[in-house]
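Atoms within each ligand, like the ligands themselves, are counted from 1 in listed order. All figures in this text were calculated on a predicted structure; none of them were measured in a lab.
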Amino acid sequence: MRTQVGIIGSGPSGLLLSQILFLHGIDSVILERQSRDHVLGRIRAGVLEQSTVDMLRAASVGERMDREGLVHGGFSLAFDGRMEYIDMHKWTGGSGVMVYGQTELTRDLIEARMADGAVIEYEAPAVAIDGFLDGKPRIIYEKKGERRELLCDFVAGCDGYHGISRQSAGPGSIKEFEKVYPFGWLGILSDVPPVDRELIYTNHERGFALCSMRSHTRSRYYIQCDLNDNVDIWTDDAFWDELRRRLPETAAQKLVTGPRLEMSIAPLRSFVAEPMRFGALLLAGDAAHIVPPTGAKGLNLAASDVHYLSRALIVYYAEKRTDLLDRYSDTCLRRVWKAVRFSWWFTAMMHKFGDEPLCQRLQLAELDYLTGSEAARTAMAENYVGLPFDRFE
Ligand code: APR
Ligand code: PHB
């Protein structure tokens, strides 16, 4: 098989890239290790920055998001018995975020690609990539027990943290930066009305908690948990009890509980691989970087990589210009590092790292400063709604 852009991975990065390229007349094939049902069953975060929302609309996949998504103009920070509102709308001159689950977005993208006759090979793991440094890129993949090959001009490595794209670059040509946090997030999805109209991030002496949602009738809650916890030891009741203990009184009283639709534990990690381009192999999304979920930047960073990568490929095919491809890695990484910094800072301020009273007091002082200072609130709000894209034309 031959295509212009061979895409490994049908997460949001691979699907959105394929969709934008299609709209510009560029052909792609997606190879996905898992089945379509598996991809559609994954529960991930659900907060879209303004620029991600704009991109989805421009890519003709914003219709259901605009109908069903919830526009949020702020969120609350709870700490020390207080609940303070960060008015993103006010402090950014009118920006906000859209609450719309990544699962729904993935479904919209798959449906759009299928309607346009896209080739998405499911249960087709890429097992090797070669030729990307000498102008003959090739992806070897497996399908139904057979080895097949996909010849292409470019390989987009959109295969997440555990994919083969980054590993194919070779250890000598890549530099990796990593921090693993000493706790996880235990999340529940349940068909109960959310405790508040917008999100609440809570710093509590028992550990972090987050109240999020997918709709007016479906809630997503998280509590900081032990890294060694097994999800099987957590009953629904134990989860709701622990969440209630960590919420501010007013929210705890309004908490409606119900059976889980899903419960899982996510580890927290900050990770960046440099560079993001190796000849004709270009990494995007989780394949190149991971952030802890505090602030929900993962999907949004994937979208900003896809923004730069699609621009670079469109300009290449239209004008045979390679300058944007040459700048792809540097341009992405400037924005990536700022989001990695923000997610690390927000995580550090909100979680329990140990029993040291000094650390707890410092977190409370930071939260008190943040919510009391216009400059600090503005910095928080502009990072949360998403930093602007660099010009890349
Ligand atoms: N061959 C084919 N597909 C592969 C391979 C492989 N060797 N290895 C991994 N994949 C697939 C995975 O099964 C997955 O469907 O690549 C896809 C990667 O998707 P994601 O992990 O969702 O990564 P990405 O598309 O970059 O999405 C950005 O941001 O907040 C985070 O977790 C959030 O998934 C989201 C991510
Ligand atoms: C979610 O709804 O899953 C979510 C929201 C905000 C975050 C992380 C996750 O910061």
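Near ligand 2, residues Ala45, Gly46, Val47, Trp185, Leu199, Tyr201, Leu210, Ser212, Arg214, Arg220, Tyr222, Pro293, Thr294, Gly295, Ala296 come within 4.0 angstrom through at least one heavy atom.
Selection from Ala266, Ser13, Gly285 by nearest heavy atom to atom 24 (P) of ligand 1 gives Ser13.
Side-chain contact between Val127 and Arg147 is present, with at least one heavy-atom pair separated by less than 4.5 Å. Residues Leu151 and Met1 are not in side-chain contact: their nearest non-hydrogen atoms beyond the backbone lie 4.5 Å or more apart. Between Ser304 and Asn300, the closest side-chain pair of non-hydrogen atoms is not below 4.5 Å.
Of all the heavy atoms of Ala302, the ones lying under 4.0 Å from any atom of ligand 1 belong exclusively to the side chain. Counting heavy atoms under 4.0 Å from ligand 1, residue Arg42 touches it through the side chain alone. When heavy-atom distances to ligand 1 are checked against a 4.0 Å cut-off, Leu31 comes that close only through its backbone atoms N, CA, C and O. Residue contacts with ligand 1 for Gln102 involve side-chain atoms from C-beta outward but no N, CA, C or O (heavy atoms, distance under 4.0 Å). Residue-level proximity to ligand 1 for Cys158 is carried by the backbone, the only part with a heavy atom below 4.0 angstrom.
Pairing each heavy atom of Leu105 with each of Tyr100, the nearest pair is N-CE2, 3.8 Å. Looking at every heavy atom in both residues, Ser165 comes nearest to Gly157 through OG-CA, 3.2 Å.
Ring centroids of Tyr201 and Phe75 are separated by less than 6.0 Å, placing the two rings close together. Residues His289 and Phe271 keep their aromatic ring centres 6.0 Å or farther apart. For Tyr316 and Phe154, the ring centers are positioned less than 6.0 Å apart. Side-chain rings of Tyr384 and Trp91 stay apart, their centers remaining 6.0 Å or farther from each other. Under the 6.0 Å cut-off for aromatic ring centres, Phe183 and Phe353 qualify, their centroids lying closer than that. For Tyr308 and Tyr328, the ring centers sit 6.0 Å or farther from each other.
Atom 19 (O) of ligand 1 has as its closest protein heavy atom Gly11 CA, 3.5 Å. Protein heavy atom nearest atom 2 (C) of ligand 1, with residue, atom name and distance: Arg33 N, 3.2 Å. Remark: minimum distance from atom 11 (C) of ligand 1 to any protein heavy atom is reached at Glu32 OE1, 3.3 Å. With respect to atom 34 (O) of ligand 1, the closest heavy atom belonging to the protein is Arg44 NH1, 2.3 Å. In terms of protein heavy-atom proximity, atom 9 (C) of ligand 1 is closest to Asp159 O, 3.1 Å. The protein heavy-atom contact nearest to atom 23 (O) of ligand 1 is Asp286 CB, 3.8 Å. Among protein heavy atoms, atom 1 (N) of ligand 1 sits closest to Ala126 N, 2.9 Å.
Annotation: Leu299 places an N or O atom under 3.5 Å from an N or O atom of ligand 1; distance criterion only. Checked by distance only, ligand 1 and Pro12 come closer than 3.5 Å through their nitrogen or oxygen atoms. Taking any N or O of Gly14, backbone or side chain, none lies under 3.5 Å from an N or O belonging to ligand 1.
Within the structure, ligand 1 lacks His162 among the residues with a heavy atom less than 4.0 angstrom away.
Not counting sequence neighbours, the partners of Arg260 by the side chain to side chain contact (heavy atoms under 4.5 Å, CB included) test are Ile188, Asp236, Met263.
Relative to the six-membered ring of Phe342, Lys338 misses at least one condition, a distance below 6.0 Å or an angle of at most 45° to the axis. A cation-pi contact links Lys179 to Tyr181, judged by a cut-off of 6.0 Å to the six-membered ring centre and 45° from its axis.
Close contacts of ligand 1 with Gln34, meaning ligand atoms under 4.0 Å from a residue heavy atom, involve 13 (O). The Gly9 neighbourhood of ligand 1 comprises atoms 3 (N), 11 (C), 16 (O), 17 (C), with distances under 4.0 Å to a heavy atom of that residue. Within the listing of ligand 1, atoms 8 (N) sit less than 4.0 angstrom from a heavy atom of Gly163.
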Evaluate salt bridge (Lys or Arg N to Asp or Glu O under 4.0 Å) for Glu146 paired with Lys143, printing each intermediate quantity in order.
-> CA-CA 5 Å; Glu146 269 176 34; Lys143 180 81 189 178; over 6 Å; no
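Proximity of a side-chain donor or acceptor of Arg246 to a complementary backbone N or O of Phe208 within less than 3.5 Å is detected.
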